[in-house]
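Notes to accompany the following structure.
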Amino acid sequence: MSPREFGPGRLCHRVVIESAAGAPDGAGGEAVTWDTYATVWARIAPVSSGQKIVAGHLSGVVTHTVTMRYRDDIAGGMRILYRGRILRLLAVGDPDERRRFIVARAEEQGP
C-alpha cells in the first residue's frame, strides 16, 4: 500500500500485539512467555507463500504486510495474534517518514 492509498478505514482487522518476556525455567535457563503489549486496528495483506527447510523438514511459509497507525514502540521480534494465527514481526518501518502509519513485514508461524 503506497502512502497515497492510506486511509484509516482500511485498518479493519483488530489485532493483539505481544512482546516476549523471559522467565526463569528453574533449570538455569529461560522460558519465553508472551505478554499482551497493545490491541490495535490494522490492515493485513498476504504477500507471498513458499517453502523452506526447518529442522530438516520442508515447511510452508506465508508472509504478510501489516499496516497500523504510527507507533514508535513496535519492533521486529514482537508478534501479532490475528484470528487464532500468529504473525511474527520481522521488520517495521515508516514508509514515507511522515509518522502517519507503519508497515511491518510478518511471517506466519505454524501451530
Side-chain angles (χ1 to χ4, degrees):
M1 178 168 58
S2 74
R4 288 186 169 177
E5 296 173 352
F6 176 72
R10 292 183 180 258
L11 307 179
C12 58
H13 305 290
R14 194 71 168 161
V15 300
V16 174
I17 301 171
E18 292 186 328
S19 62
D25 66 1
E30 194 171 74
V32 176
T33 60
W34 292 92
D35 297 329
T36 297
Y37 188 76
T39 302
V40 299
W41 289 99
R43 176 179 185 262
I44 298 180
V47 174
S48 66
S49 62
Q51 299 174 338
K52 69 178 179 180
I53 296 179
V54 177
H57 296 95
L58 196 58
S59 178
V61 177
V62 179
T63 59
H64 301 271
T65 298
V66 181
T67 306
M68 300 171 265
R69 287 186 183 273
Y70 181 82
R71 297 179 63 121
D72 61 2
D73 58 348
I74 306 298
M78 294 179 156
R79 72 182 192 179
I80 288 178
L81 299 180
Y82 170 64
R83 294 185 178 172
R85 296 160 40 200
I86 298 172
L87 305 175
R88 183 171 51 100
L89 298 182
L90 304 173
V92 180
D94 180 356
D96 63 358
E97 298 292 329
R98 293 178 60 193
R99 295 185 172 204
R100 295 184 309 148
F101 62 100
I102 56 175
V103 176
R105 180 139 175 117
E107 184 175 271
E108 189 166 345
Q109 293 182 311

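Quick caveat: nothing in here was measured; it's all calculated off a predicted structure.
- Distance CG/Leu81 to CD1/Ile86: 6.0 Å, rounded to 0.5 Å.
- Under the 4.5 Å side-chain contact rule for hydrophobic residues, Leu89 and Val62 do not share a cluster.
- Partners of Arg71 according to the salt bridge (Lys or Arg N to Asp or Glu O under 4.0 Å) rule, which considers only residues two or more places apart in sequence or in another chain, are Asp73.
- Residues Tyr37 and Met68 share a single hydrophobic cluster, defined by chaining ILVMFWY side chains whose heavy atoms lie under 4.5 Å apart.
- A distance of 6.0 Å separates CZ of Arg105 from OG1 of Thr65, quoted to the nearest 0.5 Å.
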Per-pair distances, 0.1 Å, donor-acceptor, side chain in residues 11-26, under 3.5 Å, sequence neighbours excluded:
from, atom 1, to, atom 2, distance (Å)
His13, ND1, Tyr82, OH, 2.9
Glu18, OE1, Arg79, NE, 2.7
Glu18, OE1, Arg79, NH2, 2.9
Asp25, OD1, Ala27, N, 2.9
Asp25, OD1, Gly29, N, 3.0

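- Gly76 and Val92 get closest at one heavy-atom pair: N-CG2, 4.0 Å.
- Residues that satisfy the side chain to side chain donor-acceptor pair (under 3.5 Å) test with Thr63, not counting sequence neighbours, are Ser48.
- Val61 forms part of no hydrophobic cluster, judged by ILVMFWY side-chain heavy-atom separations under 4.5 Å.
- A distance of 11.0 Å separates CD1 of Ile80 from CZ of Arg85, quoted to the nearest 0.5 Å.
- Among residues two or more places apart in sequence or in another chain, the side chain to side chain donor-acceptor pair (under 3.5 Å) test is passed with Arg99 by none.
- Through chains of ILVMFWY side-chain contacts below 4.5 Å, Val32 is grouped with Trp34.
- Take Asp72 and apply the salt bridge (Lys or Arg N to Asp or Glu O under 4.0 Å) test, not counting sequence neighbours, and it matches no residue.
- When all heavy atoms are compared, the tightest approach of Ala42 to Val66 is CB-CG1, 4.0 Å.
- Across all their heavy atoms, Gly93 and Pro95 have their closest contact at O-CD, 3.4 Å.
- Side-chain heavy atoms closer than 4.5 Å link hydrophobic residues (I, L, V, M, F, W, Y) into clusters, and following such links, possibly through other members, connects Val40 to Tyr70.
- Leu90 CG to His64 NE2: the interatomic distance, rounded to the nearest 0.5 Å, is 11.0 Å.
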